[in-house]
Amino acid sequence: MSDASSTLVPSPASGGLLASLDPLLRPWLPRQRWFAGKGRPVTGFTLVAATELLPPGPPGRPKPDSPGLLHLLVRAQQPAGPGLGAVTGPGDTYQLLIGVRRTLPPRLAPALIGRPSDGPLAGQAVYEALHDARLTEVLLERLRLPGRLGALRFARAEQGDIPAGQPARVLGAEQSNSSLVYGERLILKLFRRVVPGVNPDLELPRALAAGRSTRVPAPLAWLEADGGAEPLVLGVLQPFLRGCDDGWELALGALARGEDFSGEARALGRATAEVHAALADALPTVTLGPARLAALAAQMTERLDAAAQAVPALHRHVPGLRTAFEAMADPSLAGSSLTAQRVHGDLHLGQCLRGPDGHWSLIDFEGEPVKPLAERRLPQPPVRDVAGMLRSFDYAARSHQPWAPEWADRCRDAYCAGYAEAHGRDPRDEPVLLRAFETDKAVYEALYEARHRPDWLPVPLAAVERLAAPVPAGARADTGGPLGHGLD
Ligand SMILES: Nc1ncnc2c1ncn2[C@@H]1O[C@H](COP(=O)(O)OP(=O)(O)O)[C@@H](O)[C@H]1O
Ligand SMILES: O=P(O)(O)O[C@H]1O[C@H](CO)[C@@H](O[C@H]2O[C@H](CO)[C@@H](O)[C@H](O)[C@H]2O)[C@H](O)[C@H]1O
């Protein structure tokens, strides 16, 4: 363990701090859902930055035991794992919000991280601050007032109210990050694993807001830290879309009731196409000629090979899956060029929220969390998002007992039809591309599930089996064709 700072200046309060937190954080961090380095031991921590957002009150007076709020950026040292990609190499940086109290009220007991035995916080309760209403209020107040504090910078959008005094609740634990909902009016997403550079989850919603898109909540404020050449985006505050249902829950509900979901799938296709059109208007597009398409195919093959090292069940499918990427690299099959633009990057049913009026919004533009930031920000063929949604209908159908393949086929078709209505291009007319992107996504999912939810691994593996089968020439990607479930 070392307290050496990197490019960020630790506050004076940080001396010896990390050494005393180390024994607490080592077992606690890997248990967190958002911890990206699962499966490898944490061998130590380096302090990147420590900022006191609220100094703890002195015990006794004026208020007995008022809490302190400490903002920490810590680098967790881990041995690199095989095939796990750059972002989970040694030294991912995590954002922690730490509450400190001498006496922990019983309601905060589940948030306890531990009590350091030495150092500046010796004997005090150190806990996850997001569960303490007093501390989440401090965070909101900071976001209302732009400015700097230590390594942190608070910024506000030119437009949009941020109401004060909103009580916060922590959103459910099944997230790659952590979110606080303030008074059912605002939602603050706090990124957990943070990297320097422009974060697409701030960049794209801001660009869409500037273009007056109604499909994405506009950022109201954000929090960054100095990160050398480029800042680290730590959190984004947005309006909370009240009374929304997410597409995943709605799809599972429809399945459970034996209901068709193709009307919603069609509306989702339209919403996706609208967001794509707005992104293409707002941000640069590029043409991918044969060489760039071949390079893209090569990257997908590399990802496949790396994933197969980490997920042995993928091994026997590698030759079949490679054919999907080879076909994409072949201009006679895939066409000689296509347009790439900024896309969502990790679109699935859980990222789609339907309002009480039936209007669909898209959220979470962070991209696939395991990919390096630079890669997530590259223009991509929009079919990447389409493929993500097609996979999601398949996921929903597979998580239903009994498996409902026709339900998924209808949704997949309707989604593409809706997309075509709003965009003018039907994704099913590009079966080679669609198969390549669906394959790339299923491979990503296999890696994701192996790492985070091993019980779910059979879901992407079933798709892998289907996608590894050779495609007859001239086939169209519809429910009766090679991308449908007929081959399962
Ligand atoms: N603006 C919003 N309004 C309402 N709910 C939201 C909003 N943004 C996010 N959510 C809810 O928060 C959950 C997690 O948000 P998300 O951005 O997907 O975080 P993560 O990247 O950690 O998964 C979503 O599934 C959704 O239920
Ligand atoms: O929402 P996140 O940004 O955290 O995305 C990650 O987690 C998702 C699961 O929560 C994962 O999505 C996969 O499972 C979904 C069902 O839970 C399914 O609808 C998606 O199609 C499937 O990809 C996503 O891949 C991952 O990046």
Side-chain angles (χ1 to χ4, degrees), residues 32-36 85 87 95 160 169-194 199-202 204-205 209 215-220 235-252 255 268 344-356 359-371 376 384-400 408 411-412 415 437-438 440-453 455-460 462-463:
Q32 305 312 303
R33 163 72 169 80
W34 40 262
F35 179 63
V87 296
Q95 170 173 218
R169 65 178 167 94
V170 185
L171 220 59
E174 272 303 295
Q175 272 189 264
S176 305
N177 298 287
S178 296
S179 297
L180 286 170
V181 176
Y182 282 99
E184 309 303 305
R185 297 179 70 178
L186 304 164
I187 181 164
L188 172 62
K189 176 168 174 175
L190 293 160
F191 300 103
R192 289 302 197 160
R193 190 183 59 77
V194 290
N199 185 326
D201 210 6
L202 176 60
L204 297 188
R215 296 289 187 184
V216 174
L220 296 166
V236 181
L237 186 73
Q238 291 181 346
F240 182 70
L241 303 175
R242 228 178 313 178
C244 279
D245 294 303
D246 86 59
W248 177 251
E249 294 300 332
L250 286 170
L252 293 190
L255 272 161
L268 276 167
H344 181 283
D346 190 17
L347 195 57
H348 57 79
L349 281 162
Q351 318 282 35
C352 306
L353 301 182
R354 192 189 68 179
H359 183 79
W360 284 99
S361 300
L362 307 189
I363 56 163
D364 192 2
F365 284 73
E366 203 186 355
E368 289 169 358
V370 303
K371 289 209 174 112
R376 290 191 252 145
R384 172 176 287 286
D385 285 345
V386 172
M389 285 301 291
L390 298 187
R391 291 287 315 114
S392 210
F393 293 121
D394 183 55
Y395 253 77
R398 287 226 171 239
S399 63
H400 180 258
C411 287
R412 288 158 61 96
Y415 178 79
F437 278 93
E438 235 197 307
D440 190 44
K441 189 73 191 182
V443 168
Y444 162 81
E445 288 168 342
L447 189 57
Y448 179 88
E449 301 300 6
R451 195 183 292 158
H452 292 278
R453 307 184 297 188
D455 290 354
W456 287 65
L457 185 55
V459 175

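When a ligand or atom number is given, it counts from 1 through the structure's own listing order.
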Closest protein heavy atom (residue, atom, distance) for [atom]:
{"atom": "atom 26 (C) of ligand 1", "answer": "I363 CD1, 3.7 Å"}
{"atom": "atom 5 (N) of ligand 1", "answer": "F240 CE1, 3.3 Å"}
{"atom": "atom 15 (O) of ligand 1", "answer": "Q175 NE2, 3.8 Å"}
{"atom": "atom 27 (O) of ligand 1", "answer": "L353 CD2, 4.3 Å"}
{"atom": "atom 18 (O) of ligand 1", "answer": "D364 OD2, 3.0 Å"}
{"atom": "atom 3 (N) of ligand 1", "answer": "L241 N, 2.8 Å"}
{"atom": "atom 25 (O) of ligand 1", "answer": "G350 O, 3.7 Å"}
{"atom": "atom 12 (O) of ligand 1", "answer": "L171 CD2, 2.9 Å"}

| Close approach of C244 to ligand 1, heavy atoms, under 4.0 angstrom | no

| message | Can you tell me if D246 contacts ligand 1 (heavy atom of the residue under 4.0 Å from the ligand)? | response | no

| said: If the cut-off is 4.0 Å to any non-hydrogen atom of E445, which atoms of ligand 2 fall inside it? | reply: 21 (O), 22 (C), 23 (O)

| note | Quick note on ligand 2: atoms under 4.0 Å from a heavy atom of S176 include exactly 2 (P), 3 (O), 4 (O)

Would you mind running through ligand 1 and noting each atom that sits below 4.0 Å from a heavy atom of [X]?
{"X": "Q238", "answer": "1 (N)"}
{"X": "K189", "answer": "16 (P), 17 (O), 19 (O), 20 (P), 21 (O)"}
{"X": "Q351", "answer": "18 (O)"}

| said: Please state which option from H348, E449, M389, R33 has its nearest heavy atom closest to atom 1 (O) of ligand 2. | reply: H348

Relative to ligand 1, is [X] under 4.0 angstrom through side chain, backbone, both or neither, heavy atoms considered?
{"X": "E366", "value": "side chain"}
{"X": "I187", "value": "side chain"}
{"X": "P239", "value": "backbone"}
{"X": "V181", "value": "neither"}

| Is K189 salt-bridged to D364, cutoff N-O under 4.0 Å? | yes

Look at ligand 2 and say whether [X] reaches it with a heavy atom at a distance under 4.0 Å.
{"X": "Q351", "result": "yes"}
{"X": "E368", "result": "no"}
{"X": "P369", "result": "yes"}

| Aromatic rings W248 and Y395: how do their planes relate, parallel, tilted or perpendicular, breaks at 30° and 60°? | perpendicular

